[in-house]
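To keep things clear, I will list the structure first and then write my remarks on it.
It should be emphasised that the depicted structure is a prediction, and the values quoted were computed from it without experimental measurement. For this chain, numbers begin at 1 and follow the sequence in order. Reckoned from all heavy atoms, side chains included, excluding hydrogens, waters and symmetry mates.
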Amino acid sequence: MKKRRDILEAAGLGSVALMAALTPAGAKAETLPVAPEETPRHHIRFTVCGISHDHIHGMIGAIQRGGGELVSYWGAEPDKLAVFAKRYPGAKAARSQDEVLHDPSVQLVLSSHIANQRAGIGVRAMRAGKDFLADKPGITTLEDLALVRKTIAETGRIYAILYSERLEVRAAVHAGALIQQGAIGKVIQTINIAPHQVIQRAGDNGGGVPRPDWFWEDVQYGGILCDIGSHQIDQFLFYTGSTKAEIVAAQIANLRHPDHPHFQDFGDMMLKGDKGFGYVRLDWFTPDGLGTWGDGRLFVLGTDGYIELRKYTDVAVSNKGNNLFVVDGKRARYIDCSNGALPFGPQFVADIVNRSHTAQDQVQCLLAAELSILAQQKARRVTLAG
């Protein structure tokens, strides 16, 4: 007997119709209206110092949406520099880090350089009078974290980290709005499942290109809990509202990459905050059959309901991401958040102009970095028999 999904697909139903047909009885399917395109209220000039990870393209896009003008860039990798020259023809290729860091015409420096060097670049940027936006992980050691905090206090500059799995995912933004409205009561726990693909097949980070040498060295990328896990700790702190937290337990493993002994392809951790609990699972085992780089999911448990996010795909139903499900005491809802707003870029540019912290709380940003480093340090390295 054919499954219901097979029959619907054979009937030629598109993904939206298919989702509606598969929605449980009583559930209401919704689609967020298209977020209006707002003319940027501010204008700043910014530069890029380090392009080692292709997340930099998303970072640039966010700042441009807020009114930022990319004027120059420096990078260490010739192949990535060639891509930059074609993608950003209006920006100038700089000859050194100092050239971009000490440009008196720019207010902001972005960096996705090798992870363990980002904090040093950020400190130099702040001492040169610039604000700084790092790719995650923005900091990989407690020593660098202390230096970043000291420099912020001395200069009054902003050190931001683009935790894009919350800040640049429309469903995650809308989930935050629903939680603030009390849609599920008081948040008790977040569960994050964050699988990734080693050789990505699509997107800015894709094309089947092998990973660079630094990707395999935990000293350089920070370790799996510090690297990927910083995204998830940021979400735990934000959705629970916790301002203090501890790592209850953590473990890491290298199960399939013996040729890279300093790599970790699995990790998980438990967290306890002053306002909620958290669990995170991370891995590098996404198979090609998924069709995207990872089936990232977030579950937020509240006293009066729960929210589930299927951020990047809805397995075997639709390859469209930004799927949000809400269940409360009255009903179950599916919300397509593909049209939702992405406010980080405009808010961050406004923060630079107004010396505010609307886009990202500075203390929470660095607390997420600190907890990810502590989780990595505390993690028990495990092996499996066979």
Query raised in the report: Taking C-beta and beyond as the side chain, do V382 and F266 meet within less than 4.5 Å on heavy atoms?
Result: no

Report task. State the CD1-CG distance between I60 and L133, to the nearest 0.5 angstrom. Result -> 10.5 Å

Query raised in the report: Atom CD1 in I335, atom CG in L324: separation rounded to 0.5 Å?
Result: 5.0 Å

Query raised in the report: Does I224 offer a backbone N or O that forms a donor-acceptor pair with the side chain of Q264 under 3.5 Å?
Result: yes

Query raised in the report: Looking only at heavy atoms, which two atoms of A172 and E165 are closest? And how far apart?
Result: CB-O, 3.7 Å

**Report entry** R355 atom CZ, neighbour heavy-atom count above 12 within 6.0 Å
**Finding:** yes

Report task. Mind listing the closest non-hydrogen atom pair of S230 and A368 along with its distance? Result -> O-CB, 4.5 Å

Report task. Grab the two heavy atoms, one from S372 and one from A369, that are nearest each other, plus how far apart they are. Result -> OG-O, 2.7 Å

Report task. Take S96 and D98 through the side chain to side chain donor-acceptor pair (under 3.5 Å) test and state the conclusion after the steps. Result -> CA-CA 5 Å; S96 68; D98 282 344; 5.4 Å; no

Report task. For the pair R333 (side chain) and E30 (backbone), establish whether a donor and an acceptor sit closer than 3.5 Å, ignoring hydrogens and angles. Result -> no

Query raised in the report: What are the two closest non-hydrogen atoms of R166 and V173, and how far apart are they?
Result: O-CG2, 3.7 Å

Query raised in the report: If you draw the axis of the six-membered ring of F285, does the NZ or CZ of R256 fall within 45° of it and under 6.0 Å from the ring centre?
Result: no

**Report entry** Donor-acceptor pair, side chain of D131 and main chain of I158, under 3.5 angstrom
**Finding:** yes

Report task. Find out whether L162 and Q360 are in side-chain contact, i.e. whether some heavy atom of one side chain is under 4.5 Å from a heavy atom of the other. Result -> no

Report summary line: Those residues at least two apart in sequence (or on a different chain) that pass side-chain hydrogen bond (donor to acceptor under 3.5 Å, both in side chains) with D304 are none

Report task. Test F299 against Q189 for side-chain contact (heavy atoms from CB on, under 4.5 Å), laying out the working first. Result -> CA-CA 8 Å; F299 303 84; Q189 184 201 39; over 6 Å; no

Query raised in the report: In the single-linkage hydrophobic clustering (I, L, V, M, F, W, Y; side-chain heavy atoms under 4.5 Å), do V187 and I307 co-cluster?
Result: yes

Query raised in the report: Can you check side chain to side chain donor-acceptor pair (under 3.5 Å) on D227 and Q376, steps first, answer last?
Result: CA-CA 9 Å; D227 177 22; Q376 194 68 47; over 6 Å; no

Report task. Mark yes when over 12 heavy atoms from residues, nucleotides or ligands other than F84 sit less than 6.0 Å from its CZ; otherwise mark no. Result -> yes

Query - Test item: D328 side-chain N/O and I184 main-chain N/O as donor-acceptor pair under 3.5 Å - result: no

Report summary line: Separation between CD (E308) and CG (L298), nearest 0.5 Å, reads 9.0 Å

Query raised in the report: Take atom CZ in R45; do more than 12 heavy atoms of anything else shown fall under 6.0 Å from it?
Result: yes

Query raised in the report: Is any side-chain heavy atom of H260 closer than 4.5 Å to a side-chain heavy atom of F215?
Result: no

Report task. Using a 4.5 Å cut-off on heavy atoms from C-beta on, say whether the side chain of K130 contacts that of T47. Result -> no

**Report entry** Donor-acceptor contact present, side-chain K80 to main-chain G75, <3.5 Å
**Finding:** no

Query - Under 3.5 Å donor-acceptor, K186 side chain and K275 backbone - result: yes

Requested in this report: For the pair V315 and L290, evaluate side-chain contact (heavy atoms from CB on, under 4.5 Å) and give the outcome as yes or no after the intermediate values.
Outcome: CA-CA 7 Å; V315 178; L290 181 66; 3.8 Å; yes

Report task. Please step through side-chain contact (heavy atoms from CB on, under 4.5 Å) for the pair Q251 and D268, ending with a clear verdict. Result -> CA-CA 6 Å; Q251 58 185 353; D268 66 353; 2.7 Å; yes

Report task. Look at atom CD of Q362 and say whether more than 12 heavy atoms of other residues, nucleotides or ligands are closer to it than 6.0 Å. Result -> yes

Query raised in the report: Do L108 and V353 share a hydrophobic cluster, counting only Ile, Leu, Val, Met, Phe, Trp and Tyr and linking them when any side-chain heavy atoms are less than 4.5 Å apart?
Result: yes

Report task. Identify whether L147 and I121 are in the same connected component of the hydrophobic contact network (ILVMFWY, side-chain heavy atoms under 4.5 Å). Result -> yes

**Report entry** Neighbour count >12 (heavy atoms, 6.0 Å) for atom CG, D79
**Finding:** yes

Query - Nearest-0.5 Å distance that lies between atom CZ in R118 and atom OG in S112 - result: 6.0 Å

Requested in this report: Take H113 and W74 through the test ring pair (Phe, Tyr, Trp, His ring centres under 6.0 Å) and record every step on the way to the result.
Outcome: CA-CA 10 Å; H113 198 44; W74 173 88; 5.4 Å; yes

Query raised in the report: Just wondering, do P346 and E38 contact through their side chains at under 4.5 Å, heavy atoms?
Result: no

Query raised in the report: Say you draw a straight line from CD1 of I373 to SG of C226; how long is it, rounded to the nearest 0.5 Å?
Result: 5.0 Å

Report task. Measure the acute angle between the ring planes of W293 and H196, then classify it against the limits of 30° and 60° as parallel, tilted or perpendicular. Result -> tilted

Query raised in the report: Which atoms form the tightest heavy-atom contact between N323 and Y334, and what is the distance?
Result: OD1-OH, 2.7 Å

**Report entry** Atom CZ of F277 with >12 non-hydrogen neighbours under 6.0 angstrom
**Finding:** no

Query raised in the report: Side-chain heavy atoms under 4.5 angstrom apart, residues restricted to Ile, Leu, Val, Met, Phe, Trp, Tyr: same cluster for Y279 and V300?
Result: no

Requested in this report: Check the angle between the aromatic planes of W216 and F263 and answer parallel, tilted or perpendicular using the 30° and 60° thresholds.
Outcome: perpendicular

Report task. State the CD-CG distance between Q235 and L167, to the nearest 0.5 angstrom. Result -> 9.0 Å

Report task. Write down the atom of T141, the atom of I139, and the distance for their closest heavy-atom approach. Result -> O-CG2, 3.5 Å

Query raised in the report: Should F132 and R157 count as side-chain neighbours, where that means a heavy-atom distance under 4.5 Å?
Result: no

Requested in this report: I would like to know whether H57 and Y88 meet side chain to side chain donor-acceptor pair (under 3.5 Å); could you show each step before the answer?
Outcome: CA-CA 10 Å; H57 299 298; Y88 310 105; 2.9 Å; yes

Query raised in the report: Is there a donor-acceptor pair closer than 3.5 Å between any side-chain N or O of D351 and the backbone N or O of A359?
Result: yes

Report task. Kindly indicate whether the side chain of I179, heavy atoms from C-beta on, has any atom under 4.5 Å from the side chain of F238. Result -> no

Report task. Give the C-alpha distance, both sets of side-chain angles, the deciding distance and a yes or no for salt bridge (Lys or Arg N to Asp or Glu O under 4.0 Å) between K136 and D234. Result -> CA-CA 11 Å; K136 65 82 215 166; D234 164 73; over 6 Å; no

Query raised in the report: With the 4.5 Å side-chain cut-off for hydrophobic clustering, are V198 and I193 part of the same group?
Result: no

Query raised in the report: Does the side-chain contact (heavy atoms from CB on, under 4.5 Å) test come out yes or no for I152 and M126, once each step is laid out?
Result: CA-CA 7 Å; I152 291 171; M126 289 189 290; 3.8 Å; yes

Query raised in the report: Taking the side chain from S318 and the backbone from D314, do they hold a donor-acceptor pair closer than 3.5 Å?
Result: no

Query raised in the report: Between V363 and T243, is any pair of side-chain heavy atoms under 4.5 Å apart?
Result: no

Requested in this report: Please answer whether the main-chain N or O of W284 pairs with a side-chain N or O of D265 as donor and acceptor at a distance below 3.5 Å.
Outcome: no

Requested in this report: Could you tell me whether the side chain of S111 and the main chain of C49 form a donor-acceptor pair under 3.5 Å?
Outcome: yes

